[in-house]
Each structure stands twice: as structure tokens, then as C-alpha cells.
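Chain identifiers are assigned alphabetically (A, B, ...) following the order of the sequence lines, protein sequences preceding nucleic acid strands; residue numbering begins at 1 within each chain.
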There are 2 protein chains.
Amino acid sequence: MATANTEKPAFAPIKTQRAFEVICEQIRAQLAAGTLKAGDKLPAERELAAQFQVSRSALREALRSLEVAGIIRNLKGVKGGAVIQSAEPDRIVQAMQDYVHLGDVTLDELTEARIAIQDIVVRLACERGTEAHFAELEQIAERTRAETSVEARYECAAAYYDVLARATGNRMFGIFVDSLSGVLHEFVQGPGYETLQETLIDSRFKLIRFLRARDAEAAAEEMRKHLERVYRHVRKNIKAQAGSGGARKA
Amino acid sequence: MATANTEKPAFAPIKTQRAFEVICEQIRAQLAAGTLKAGDKLPAERELAAQFQVSRSALREALRSLEVAGIIRNLKGVKGGAVIQSAEPDRIVQAMQDYVHLGDVTLDELTEARIAIQDIVVRLACERGTEAHFAELEQIAERTRAETSVEARYECAAAYYDVLARATGNRMFGIFVDSLSGVLHEFVQGPGYETLQETLIDSRFKLIRFLRARDAEAAAEEMRKHLERVYRHVRKNIKAQAGSGGARKA
DNA sequence: CCATCTTGAATGGTCCGACCATTATAGTTT
DNA sequence: AAACTATAATGGTCGGACCATTCAAGATGG
């Protein structure tokens with residue numbers, strides 16, 4: 001053995017290129033280059049496997065990877081095959097949920113990030129939102145009041161935040177908001193959630209009024225107070241059930 | 001055929017549960033419940049397939065899905081198997097890149113989101129960053145000046161933003177920043193990038209001075225101007241190569 | 001001629017068995 | 001005791017097979 005350089009190994013970690021990885025890379029590259037775009041259709045598995053000169057198993061693992069990444073959708077039957085999907089933020093939310101479940105992010109971090117993001121969203125929505133947006137928000141808020149089940153009300157809340165994010169005209173904020181509230185939703189499974197609902201719904205209507213008045217400061221302040229209320233409630237529940245198997249790390 | 005209800009179909013879209021999906025769900029569920037956590041090891045493929053009572057192929061597709069999602073890592077050799085990975089934000093960045101490549105996000109949106117996020121990051125870093133953080137930033141900025149290749153300088157830039165995000169003490173911001181700059185990096189492959197470098201490096205040092213002085217306003221302003229400079233440059237390049245196969249949608 | 005039904009071929013999903021390179025351990029040799 | 005070797009288990013890949021699904025072409029009927 002030659003004497004190892006103690007300073008810096010400088011050896012690139014060997015990267016065994018597996019067949020399915022190469023396939024994924026090639027398809028992703030064509031996607032980034034624009035050769036492939038949403039709606040395009042790939043050949044059938046058997047033919048594609050022949051083109052790549054790999055077995056159908058290896059190709060299927062590649063297609064499966066691309067599918068769970070939300071890039072393609074596999075169609076059955078004759079004239080089937082893989083079609084390039086249009087963009088769906090779901091996978092990003094999924095990735096963030098995985099990240100949180102693997103235990104590196106605390107409730108405090110999630111909440112702080114959410115408050116910061118929503119602050120931006122509210123201010124931009126206040127500036128750029130149209131009356132159509134505000135009307136939609138109002139409609140959702142009224143529907144929330146009508147709903148009774150916790151799950152239905154959460155659906156309404158998600159829709160509310162989604163419209164708010166759309167009002168910014170920037171889809172990236174929608175992604176951030178969806179990700180954070182998707183993850184935080186798991187924490188909001190405690191008792192005494194109903195008692196808070198009246199306050200929360202009032203806050204939504206109040207926010208809409210501020211948005212219509214184009215009062216960014218007041219709107220942002222209202223949203224911040226709202227989120228902090230929810231946070232305090234969630235935090236209390238977390239401590240109550242401290243480590244009962246559910247989402248921990250709070 | 002019975003007369004279709006024109007009002008609301010109300011039929012839940014059928015969801016053919018494929019074998020690998022069920023497997024993924026079960027493992028993800030155990031992950032969310034805490035039964036499985038980072039570092040745990042799953043049985044070998046053949047044994048796991050027997051436990052789930054599915055073929056090895058179906059199980060492998062499930063494991064492959066979990067691997068590309070960054071949840072597990074497959075080890076070869078005897079005593080091999082799948083081990084639960086610790087959290088890595090790479091997959092979230094990958095998901096965002098896919099989302100952008102699928103063509104729903106414009107350069108303007110990415111830039112606006114980046115400016116907004118960095119504004120938060122800078123202010124928080126200004127408030128919470130330690131001298132250790134600032135020293136690290138300084139070191140990276142000096143290294144940037146020493147580097148010559150475009151790629152090496154990008155590495156430095158990424159490291160710089162990473163430390164900045166770490167200084168906030170909130171990992172979520174690191175994810176957002178990584179995602180946005182990872183995607184934006186693809187746009188920054190144009191001519192005349194070197195001419196801008198001196199200005200950019202100066203801006204980094206200036207920012208560090210503002211951070212040490214705990215002057216959040218000045219720091220945020222400096223970062224904003226910096227990002228807008230980069231944006232104008234990128235935008236110009238995009239228009240120059242308009243639709244030459246590279247990243248479009250600008 | 002048009003609408004409906006039947007048929008068939010191609011496809012994705014799954015299963016099985018096999019082989020290879022890699023890897024860690026037990027056993028052997030020095 | 002150290003170094004080497006043999007062995008068995010593992011993930012990666014391959015090829016073939018069968019099934020339920022799906023769609024299009026052809027057959028049937030009006």
C-alpha cells in the first residue's frame with residue numbers, strides 16, 4: 001500500500017451507476033433540455049427496454065422512480081405507456097413531509113417558517129389580489145363556518161390558504177405554503193380544536209376586509225396573530241401527548 | 001346506462017392500489033408513527049418480500065421508490081438490506097427542480113420568491129448569527145475570490161448561501177434557499193458572467209459587514225440589490241439565447 | 001349508413017427462477 | 001496473531017411467463 005495522504009484523500013467516492021439511474025438521468029436530461037415536455041408519450045415498456053438495451057425489470061424501476069417523482073404517469077392497456085405529467089406540487093409536499101418525519105425539523109421551525117412565508121404572501125396578495133380572489137376567499141370562509149367535521153374544516157383551510165397564495169401570482173409561494181401546512185396538519189390532531197374554530201373563522205373574515213382595503217400592514221398583522229394562536233394551541237396539545245407515538249420532535 | 005347525475009358525479013375516483021404502493025404506505029406509516037426511525041435496518045429483499053407476501057419484483061419497486069425519495073439506502077453484500085436514512089434536503093430540491101422543468105414556473109417567479117426568502121433569511125441571520133457564522137462567510141467569500149472556474153465559484157456561492165441560511169437556526173429556510181438557487185443555477189450558464197463576479201464578491205463582503213453591525217435593514221437591502229443584479233444579468237442571457245433548447249420559460 | 005357489440009392484440013402489474021458482482025464472516029494457513 | 005481463502009447471503013439484472021385492463025378494428029344489427 002502506498003502511504004495515504006493524510007491531508008486530503010481527494011478520492012471521489014465511487015458511484016456505482018446502476019442501470020435505472022442512468023435511465024432516469026437521460027429522461028430527466030431530455031426534460032431539462034426541452035426535448036421532452038408535458039404531454040409527450042414514451043414508448044411501451046418492452047420497446048423502451050429494447051431501446052435502452054436493458055431488461056424490463058431495470059426499466060420498470062426507472063419508470064417507477066420517475067412516477068413517484070411525479071414526472072410521468074403510467075397508462076395501462078393498448079396504446080398505453082408513460083406520459084410526461086404536467087407539474088404538480090404534491091411531490092414537493094411529500095418530500096417535505098418525508099424530511100420532517102425523518103426527524104430533522106421541529107414544530108418551532110415549521111411554525112416560524114410558516115409565519116414568515118405567510119407574511120410575504122399576505123402582503124403580495126394585498127397588493128396584487130383581485131376582487132375575484134377576495135370573493136373566493138369569502139366564499140370559502142363561509143363554507144368553513146357551515147362545515148362541522150374537523151377534516152372538512154381543514155380542507156377549507158387548505159383551500160383558503162391556496163387561494164391566498166394564488167393571489168400573489170407566484171406559484172412558488174403556493175408550494176411553500178402547501179408544504180408547510182401539509183406537514184403542520186399532522187400536528188393539529190388534538191382535542192379542543194373545535195373551541196378555537198370560531199376565533200379562526202372570524203380572523204379569516206377580518207383578513208379579507210383588510211385585503212379589500214389594501215391595508216397590507218393590518219392584513220399581515222392579522223395573519224401573524226392568527227398563526228400564533230394556532231401555534232400555541234398545537235404546542236399545548238403536543239406537550240399533552242408528549243411522545244405518544246404521533247408526530248414528535250416538538 | 002342509468003341517467004348520469006349532471007349536478008355532481010360524487011363518485012370517488014377509483015384508485016387501483018398497486019402492490020408497491022401499499023408497501024410504501026406501510027413503511028411510511030411506520031416512519032410517521034415512529035416505529036421506524038433513522039438508522040433502523042429492514043430485512044433483506046427476499047425475506048421482506050416473503051413477509052409482505054409479494055414477489056421480489058414488486059417489493060423492489062417499492063424499495064426503489066423509497067430510495068429515490070431519500071428514505072432508505074440499499075446496502076449490498078451479506079448483512080445488506082435497506083437502512084432508514086437520516087433526513088437529507090436534497091430530495092426536496094430535486095422535487096422542486098422537477099417541478100420547474102415540467103414548465104409551470106417562470107424565471108420571474110423564481111427570482112421574486114428568492115428575493116423574498118433571502119430577505120427573511122438575512123434579517124434572521126442578522127439577528128441570530130454568531131461570529132462563527134460570519135467568520136465562515138468571510139472565509140468562503142475570500143475563497144470565492146481565489147477561485148477561477150465558473151463552477152467552483154458557484155460552489156462557493158452555494159456554500160455562502162448555505163451558511164447564511166444556517167445562521168437563521170431554522171432548517172426550513174435552508175431548504176427553500178437550496179431549492180431556489182439550485183433551480184436558478186441552470187439559468188446562470190451564459191457569457192459575461194465573469195465580468196459580474198467582482199461586483200458580486202464585493203457585495204458579499206459588504207453584506208458581512210452589515211451582519212456584524214447587526215444592521216438588518218442595510219443587510220437586507222444589500223442582498224436585494226445583489227439578487228436583482230444577478231437577475232438582470234440572467235434575464236439578459238435568457239433573452240439572448242431565447243429558446244435555444246436550454247431552460248426556457250423566461 | 002350508423003350504432004352497438006364482439007373480438008383480439010398490446011400494455012402495465014405481478015410473479016418466478018436464474019445468474020453475477022459485491023460483501024462480510026467463518027475458517028484456514030502462515 | 002496476522003494474513004489469506006472459502007463461503008454464503010445480498011442487491012442488481014436478466015428473461016420468460018401469466019393476468020386484468022384497455023382500446024381499436026371488425027362483426028353484427030338496425
Side-chain angles (χ1 to χ4, degrees), chain A residues 1-4 11-28 36 39-85, chain B residues 1-4 11-28 36 39-85:
Chain A
M1 286 296 184
T3 61
F11 286 126
I14 67 126
K15 170 77 171 177
T16 309
Q17 278 285 55
R18 289 170 291 185
F20 85 94
E21 283 178 317
V22 183
I23 298 175
C24 283
E25 279 173 21
Q26 288 200 25
I27 293 184
R28 271 202 168 90
L36 282 177
D40 290 354
K41 196 162 114 25
L42 270 52
E45 284 184 0
R46 292 167 176 84
E47 184 186 335
L48 208 52
Q51 285 189 24
F52 280 111
Q53 298 197 13
V54 296
S55 76
R56 205 182 143 206
S57 320
L59 179 81
R60 274 181 66 79
E61 290 191 13
L63 291 184
R64 189 64 67 222
S65 302
L66 295 175
E67 185 191 325
V68 299
I71 296 181
I72 64 173
R73 197 173 105 233
N74 289 326
L75 298 180
K76 283 186 295 188
V78 65
K79 292 291 175 187
V83 293
I84 309 291
Q85 283 277 76
Chain B
M1 288 293 188
T3 61
F11 286 126
I14 67 127
K15 170 79 172 178
T16 308
Q17 278 286 54
R18 288 170 292 185
F20 85 95
E21 283 178 317
V22 183
I23 299 175
C24 283
E25 280 173 20
Q26 288 199 24
I27 294 184
R28 271 205 167 89
L36 283 177
D40 289 356
K41 194 162 117 22
L42 270 53
E45 284 184 359
R46 292 166 176 85
E47 184 186 335
L48 208 53
Q51 284 189 24
F52 280 112
Q53 296 197 12
V54 295
S55 75
R56 206 183 141 205
S57 320
L59 178 83
R60 275 182 64 80
E61 290 192 13
L63 291 184
R64 188 65 66 224
S65 302
L66 295 175
E67 185 192 325
V68 298
I71 296 182
I72 64 174
R73 198 172 106 233
N74 289 325
L75 298 180
K76 283 185 295 189
V78 65
K79 292 292 175 187
V83 293
I84 309 291
Q85 284 276 78

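- A heavy-atom distance below 4.5 Å is found between the side chains of A/Leu36 and A/Leu42.
- Looking at every heavy atom in both residues, A/Ala58 comes nearest to A/Ala19 through CB-CB, 4.2 Å.
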Identify every side-chain donor-acceptor pair in residues 68-84 of chain A under 3.5 Å, counting partners at least two apart or on other chains, and give the distances.
residue: A/Arg73; atom: NH1; partner: A/Gln85; partner atom: OE1; Å: 3.4
residue: A/Asn74; atom: ND2; partner: A/Glu67; partner atom: OE1; Å: 2.8

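- With salt bridges taken as basic N to acidic carboxylate O contacts below 4.0 Å, none links A/Glu25 and A/Arg28.
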In B/S/- notation, 5' to 3', how is nucleotides 5-14 of chain C contacted by protein heavy atoms closer than 4.0 Å?
-----BBBBB
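- Legend: salt bridge (charged side-chain N to carboxylate O under 4.0 Å, His left out) pairs involving residues 50-60 of chain B, not counting sequence neighbours, sorted by first then second residue: A/Glu61-B/Arg60, B/Glu45-B/Arg56, B/Glu45-B/Arg60.
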